[in-house]
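For reference, the structure discussed in these notes is given below.
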Amino acid sequence: MSDDKKNTWHGIPREDVPWIPTVDAEGCIGCQLCYVTCGRGVYEMHDGVAVAAAPMECAVGCSTCANICPTAAISFPTLDAVWKLERERQIFRTVKKEALRKHEREDAKKARETAQKAVEHVPTRAKVELAGEFGDKRFLVRLEELIEKKPFDIVKLRLEVPTLKGARQKAPSFMSFEVTSEQQEPIAPFLEDVKNLVHDAGLVLVAATPVA
Ligand code: SF4
Ligand code: SF4
């Protein structure tokens, strides 16, 4: 929670800080611009006139509502009183600590974002292409055994045989599929297992490419 939210301003009780808006009820035309603009909920509208109902919620140094009021009906004290208070209460020691905490938060946020991006760029899917004679090698059965009870699956499986007669005569065929992690884990370690299986089955690995 920031100092402002705890109703202090850099360690100074908010009520000691002379920065509150004053509305000249005579000059207010009830346009409600200040009411909808102020993000601190300082204003209420009473009988068509703006009232600074929660003045201590006003952000010290902010004068947005006064700047945009079409009739210049809102005024603030001069900044001299705030500057004087800054010096007298020596707020800069507190500000220094607050800035340090803010830097730490920002650095941690950047580190989190960097780590998140790194994780997002780790491939969790890979395309495998292989060639060879698949007939009596039980390759698909062994592939199924490999993924069994593991958080991986095979998708987009395609087997291309040159001709039906050619397949019967054990002519080389082409197979492709994608290996995907069901839990968005990096695919690289499991891809090595698939490559070993291809090798053990006496097939030719044409490509094993991570898919972005
Ligand atoms: S912006 Fe000015 S004129 Fe409009 S409601 Fe607020 S005080 Fe009144
Ligand atoms: S100066 Fe800013 S924070 Fe204060 S009342 Fe106006 S708009 Fe709200």
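First listed ligand is number 1; within each ligand, the first listed atom is number 1. All heavy atoms count here, side chains included; hydrogens, waters and symmetry mates do not.
- Protein heavy atom in closest approach to atom 3 (S) of ligand 2: Ala59 N, 3.4 Å.
- With hydrogens left out, the protein atom closest to atom 8 (Fe) of ligand 1 is Cys28 SG, 2.4 Å, a heavy atom.
- Residues Trp19 and Val60 approach most closely at CD1-CA, 3.6 Å, considering heavy atoms.
- The distance from ligand 1 to the heavy atoms of Ile74 drops below 4.0 Å at these ligand atoms: 7 (S).
- Shown in contact with Cys58 at under 4.0 Å from a heavy atom are these atoms of ligand 2, numbered in order with element: 1 (S), 3 (S), 4 (Fe), 5 (S).
- Short contacts between ligand 2 and Cys65, defined as distances under 4.0 Å to a heavy atom of the residue, involve ligand atoms 1 (S), 5 (S), 6 (Fe), 7 (S).
- Set against the non-hydrogen atoms of Ser63, the atoms of ligand 2 under 4.0 Å away are 1 (S).
- For atom 1 (S) of ligand 2, the closest non-hydrogen atom on the protein side is Cys62 O, 3.1 Å.
- The nearest pair of heavy atoms linking Asp16 to Pro18 is O-CD, 3.5 Å.
- Shown here is His199, whose NE2 atom has no more than 12 heavy atoms of other residues, nucleotides or ligands within 6.0 Å.
- Close approach to Thr71 involves these atoms of ligand 1, each under 4.0 Å from a residue heavy atom: 3 (S).
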Pair Arg142-Glu144, salt bridge (Lys or Arg N to Asp or Glu O under 4.0 Å): steps then yes or no: CA-CA 5 Å; Arg142 294 171 71 184; Glu144 202 178 341; over 6 Å; no
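- With hydrogens and angles disregarded, no donor-acceptor distance shorter than 3.5 Å links the side chain of Arg14 to the backbone of Thr8.
- Taking each heavy atom of Cys65 and Tyr43 in turn, the nearest pair found is SG-OH, 3.1 Å.
- Which parts of ligand 2 touch Tyr43 is read off a 4.0 Å heavy-atom cut-off, strictly below it: atoms 5 (S).
- With Thr71 contributing its side chain and Gly27 its backbone, the two residues share a donor-acceptor pair below 3.5 Å.
- Heavy atoms of Val49 found under 4.0 angstrom from ligand 1: none, in either backbone or side chain.
- Every atom of ligand 2 is numbered from 1 in the order shown, and the set under 4.0 Å from a heavy atom of Cys38 is 3 (S), 5 (S), 7 (S), 8 (Fe).
- With salt bridges taken as basic N to acidic carboxylate O contacts below 4.0 Å, one links Glu178 and Arg125.
- Ranking the protein heavy atoms by distance from atom 4 (Fe) of ligand 1 puts Cys31 SG, 2.3 Å first.
- Every atom of ligand 1 is numbered from 1 in the order shown, and the set under 4.0 Å from a heavy atom of Ile29 is 3 (S), 8 (Fe).
- Distance check, rounded to the nearest 0.5 Å: CZ of Phe134 to CE of Met175 gives 4.5 Å.
- Of the protein's non-hydrogen atoms, Cys69 SG, 2.3 Å is the one closest to atom 2 (Fe) of ligand 1.
- Listed for the Arg89 side chain is no donor-acceptor partner under 3.5 Å among the backbone atoms of Lys84.
- A salt bridge does not link Glu113 to Lys110: none of the charged nitrogens lies less than 4.0 Å from a carboxylate oxygen.
- For atom 6 (Fe) of ligand 1, the closest non-hydrogen atom of the protein is Cys34 SG, 2.3 Å.
- Atoms of ligand 2 lying under 4.0 Å from any heavy atom of Val42, numbered from 1 in the order shown and given with element: 5 (S).
- Of all protein heavy atoms, the one lying nearest to atom 5 (S) of ligand 1 is Gln32 N, 3.2 Å.
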